Amino acid sequence: MPLGRSRIITIASLLGILAGVLPILAAFYMAWAVVEARRQTQLADIAGYALARTQATFGDAANALEAARRLTDPTCSPTHIAALRAIVVNTRSVEDIGYFANGMLQCGSWGRPTIPVPRSAIDVTLSSDIGVTASLRPLISGGTPLTGFHSGAYVALTSPGRFTDVPVDKEVKLAVLAGGRTVVGARHDPDLSLLQKLAGGAKPAPSERTLYDIARDRDWTVIAVSPKPDVFRDLGDDLPMFLAVGVATSLLMVGLVVWLSRRRLSLLGELATAIRRREFIVHYQPIIDLQTGACVGAEALVRWRRPNGETVRPDIFIPLAEENGLIEPITHQVIEIVVAELKDLLAADRSAHIAVNLSAQDIQSGRFLPFMATLLEAAGVRPDQLWLEATERGFIDAKLARVTLEKARQSGHAVAIDDFGTGYSSLQYLQDLPLDALKIDKSFVDTIGIDSATSTITPHIIDIAKSLGLSVVAEGVERQEQADYLAQRGVHYAQGWLFSRPLPKAEFVAFYRRQSNGPI
Ligand SMILES: Nc1nc2c(ncn2[C@@H]2O[C@H](COP(=O)(O)O[C@H]3[C@@H](O)[C@H](n4cnc5c(=O)[nH]c(N)nc54)O[C@@H]3COP(=O)(O)O)[C@@H](O)[C@H]2O)c(=O)[nH]1
């Protein structure tokens, strides 16, 4: 099996595994994200409801205390006690109201105490000046904790369950804090130290795997927390739908990878056959002398003409050929075609030249040189009439590149660096390698007349080339304004759609006859 095939198969297998696995993992993740977002919304709802319950409960207690303070009966008289009882009976959230003097309970809605009851300490005072004792265990509750609200001489007692009396799943834990720190009510036994931390603005550690939401007003903070959903336990309802989409996507992507790799394998196979059957043709893009307007030659650009008449662009098959060790025979065929098609023109006009593109492998091996020399000699074409173009990729092994370029120049060929300025080390190569010409990449020519960051680079490239004594060829000239600018800056040659698109041999020869200063 050729190296290229096994590489395509290896890459396709890896891509196939990724295409198969990633959509399914994505399905799990999306199902999990949806459940998490839903749980977050639930927490926000629960915290909001609990805050509303707390505000209502506290509002009741505050009204009851206000009513008690307005009583005018002699304190702890039967009418005073009866009035306190009436307030308690008519206030849903209040279990009792006690009257205190000298720090001791004097009486409450149920009468006078039978044993001395001291007033409890206030844990926190709210903005309305009402004090809160979080957990009282008064006689009337039989030891059940109650929340006390202090206002003046009165204390109203409320069941803490009233603050958190909202529908809550068992995994959701809830707490209500007065003044941001004192816990007055809780559901499902939360970790109070964690909740107090969260109320203070801290974030849970990732290892705690906790979701939470906080609702608050000036006096009250409600925190609802729940564990993050578990991929294997909590995705029950949502997973099948996402998994179905994930499996369908995964099948589609695997199918796409198989289809693309089969296409690539078959394109590679067809390319190998095309080389054997010599299915390549060459078009010629005229190169123009900017000072005289005369055509001085052309760049040879290969095309693959398939047996069904379809033409494949070089930017599709040249990279495939380069990746799979098939480029050298293509370069050889291009040189053969150029010499066969244009030997008469080149022999008739010795000033004409044709530029041939070389790939990295051509430069590294240098095998095209003896092959080309034999062909040129047999055809009576002079080596200086065949220019060689190479991009930076051909210069990566600078030692080998230097050997090939020096041999080429000794034979009489001119060597140009193509697509100048698009790589990382263009300047380095200009300094280190034996070159004759520099081709300014189309991307720089495009900026002429346009105010962009790269438009300032073009004149520098021209100046550098001139100072190194290199010929300058501008590529991709499409507008007259660009040609005028380049001519005025002393650029020697240009090619581009302004002058002509790449042409088949007969059209190029006709173009050359019309527009050259030579003898033909
Ligand atoms: N190793 C080899 N590489 C080759 C060979 N023949 C071509 N190529 C490389 O393929 C790339 C695409 O070439 P192509 O589709 O032929 O495009 C060339 C021109 O047609 C195009 N161009 C020229 N003028 C203009 C213009 O004014 N506007 C515009 N939008 N495009 C224009 O540019 C391509 C020439 O590029 P370059 O070589 O950089 O001068 C391309 O990279 C070829 O190099 C081959 O035989 N061997």
Side-chain angles (χ1 to χ4, degrees), residues 271 274-275 278-288 290 295 297-305 310-342 353-365 367-368 371-372 386-395 404 415-423 426 437-449 461 471-483 486 493-505 507-508 511:
L271 188 59
I275 294 170
R278 308 179 68 82
E279 290 175 3
F280 301 100
I281 58 165
V282 174
H283 284 182
Y284 302 91
Q285 183 168 44
I287 298 175
I288 305 298
L290 279 172
C295 177
E299 178 180 0
L301 295 160
V302 70
R303 274 93 182 91
W304 173 10
R305 172 73 53 78
E310 180 198 350
T311 303
V312 185
R313 292 199 334 255
D315 43 7
I316 294 175
F317 69 86
I318 294 281
L320 188 65
E322 287 176 336
E323 281 162 27
N324 293 287
L326 295 176
I327 192 64
E328 285 186 84
I330 295 179
T331 305
H332 290 200
Q333 286 188 28
V334 169
I335 295 169
E336 277 181 293
I337 296 169
V338 168
V339 173
E341 290 189 335
L342 297 182
H353 77 266
I354 303 297
V356 171
N357 285 286
L358 299 175
S359 286
Q361 281 138 321
D362 298 310
I363 306 272
Q364 304 300 304
S365 82
R367 275 190 282 264
F368 68 97
F371 173 81
M372 189 165 62
L386 222 71
W387 288 27
L388 305 173
E389 291 186 10
T391 59
E392 272 186 32
R393 275 175 293 136
F395 305 148
T404 302
V415 180
I417 181 165
D418 200 1
D419 302 340
F420 184 81
T422 54
S426 303
L438 175 157
K439 293 191 83 172
I440 305 174
D441 189 65
K442 179 176 183 303
S443 55
F444 296 108
V445 173
D446 285 343
T447 64
I448 293 172
I461 295 178
S471 297
V472 187
V473 187
E475 297 182 305
V477 177
E478 292 180 344
R479 290 177 281 119
Q480 188 58 50
E481 177 195 6
Q482 295 169 326
L486 293 162
Y493 307 114
Q495 59 185 91
W497 295 353
L498 173 68
F499 311 105
S500 170
R501 296 209 174 211
L503 302 169
K505 174 230 164 177
E507 287 174 43
F508 168 66
F511 183 96

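Excluded from the calculations below are hydrogen atoms, water molecules and symmetry mates; all remaining heavy atoms, backbone and side chain alike, are included. Remember, it's a predicted structure, so these values are computed and weren't measured experimentally. Start at 1 and go down the list; that is how both ligands and their atoms are numbered.
If you number the atoms of ligand 1 from 1 as listed, the ones under 4.0 Å from a heavy atom of Ser359 come out as 1 (N). For ligand 1, the atoms closer than 4.0 angstrom to any heavy atom of Asp418 are 37 (P), 38 (O), 39 (O), 40 (O). In the vicinity of Val334, heavy-atom distances shorter than 4.0 Å reach the ligand 1 atoms 46 (O).
Taking the side chain as every heavy atom from C-beta outward, Ile330 and Phe280 approach each other to under 4.5 Å. Contact annotation: the side chain of Phe499 never approaches that of Pro286 to less than 4.5 Å [non-hydrogen atoms, C-beta and beyond]. In this structure the side chain of Glu507 never reaches within 4.5 angstrom of the side chain of Ser500, judged on heavy atoms. The side-chain heavy atoms of Leu498 and Arg479, taken from C-beta on, include no pair separated by under 4.5 Å. Considering only heavy atoms from C-beta on, Leu342 comes within 4.5 Å of Lys505 through its side chain. The closest side-chain heavy-atom distance from Glu475 to Asp418 is below 4.5 Å. Side-chain contact between Phe395 and Ile417: present, with at least one pair of heavy atoms (C-beta onward) separated by less than 4.5 Å. At a threshold of 4.5 Å between non-hydrogen side-chain atoms, the residues Phe508 and His283 do not count as touching.
By heavy-atom distance, the residue among Gly394, Ala416, Pro314, Gly496 lying nearest atom 11 (C) of ligand 1 is Pro314. With distances taken over non-hydrogen atoms, the option nearest atom 25 (C) of ligand 1 out of Phe420, Trp497, Phe317 is Trp497.
Of the protein's non-hydrogen atoms, Leu301 CD2, 4.1 Å is the one closest to atom 35 (C) of ligand 1. Summary of contacts: the protein heavy atom closest to atom 17 (O) of ligand 1 is Arg303 NH2, 4.6 Å. With respect to atom 40 (O) of ligand 1, the closest heavy atom belonging to the protein is Glu475 OE2, 2.3 Å. Closest protein heavy atom to atom 23 (C) of ligand 1: Gln285 OE1, 3.0 Å. Nearest to atom 44 (O) of ligand 1 among the protein's heavy atoms is Asn357 OD1, 3.7 Å. Shortest contact from atom 6 (N) of ligand 1 to any protein heavy atom: Val302 N, 3.0 Å. Of the protein's non-hydrogen atoms, Glu478 OE2, 2.5 Å is the one closest to atom 28 (N) of ligand 1.
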Determine, step by step, whether Leu388 and Met372 satisfy the side chain to side chain contact (heavy atoms under 4.5 Å, CB included) criterion, reporting the C-alpha distance in whole Å, the side-chain angles of both residues, the deciding distance to 0.1 Å, and the verdict.
-> CA-CA 11 Å; Leu388 305 173; Met372 189 165 62; 4.0 Å; yes
Taking it one step at a time, do Val302 and Ile318 satisfy side chain to side chain contact (heavy atoms under 4.5 Å, CB included)?
-> CA-CA 9 Å; Val302 70; Ile318 294 281; 3.9 Å; yes
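Partners of Ser359 according to the side-chain hydrogen bond (donor to acceptor under 3.5 Å, both in side chains) rule, which considers only residues two or more places apart in sequence or in another chain, are Glu322.
In terms of N/O distances under 3.5 Å, ligand 1 is not approached by Ile327. Between Asp419 and ligand 1, a contact under 3.5 Å exists for at least one N or O pair. By the 3.5 Å distance cut-off applied to N or O atoms, Glu389 is not counted among the residues near ligand 1. Below 3.5 Å of separation, one finds no N or O of Glu322 facing any N or O of ligand 1.
Within a 4.0 Å radius of atom 21 (C) of ligand 1, the protein contributes no non-hydrogen atoms. In this structure, atom 42 (O) of ligand 1 has no protein heavy-atom contact shorter than 4.0 Å. Not a single protein heavy atom sits closer than 4.0 Å to atom 33 (O) of ligand 1. Distance check for atom 2 (C) of ligand 1: a protein heavy atom is found below 4.0 Å.
Using modelled atom types and a 3.5 Å distance limit, the side chains of Thr422 and Asp441 yield no donor-acceptor pair.
Pairs passing the salt bridge (charged side-chain N to carboxylate O under 4.0 Å, His left out) check and including a residue from residues 312-321, sequence neighbours excluded, read Arg313-Asp315.
At a 4.0 Å heavy-atom cut-off, ligand 1 touches Glu299 through the side chain alone. Counting heavy atoms under 4.0 Å from ligand 1, residue Lys442 touches it through the side chain alone.
Heavy atoms of His283 stay at 4.0 angstrom or farther from ligand 1.
Relative orientation of the Phe317 and Trp304 rings is perpendicular, given thresholds of 30° and 60° on the angle between their planes.
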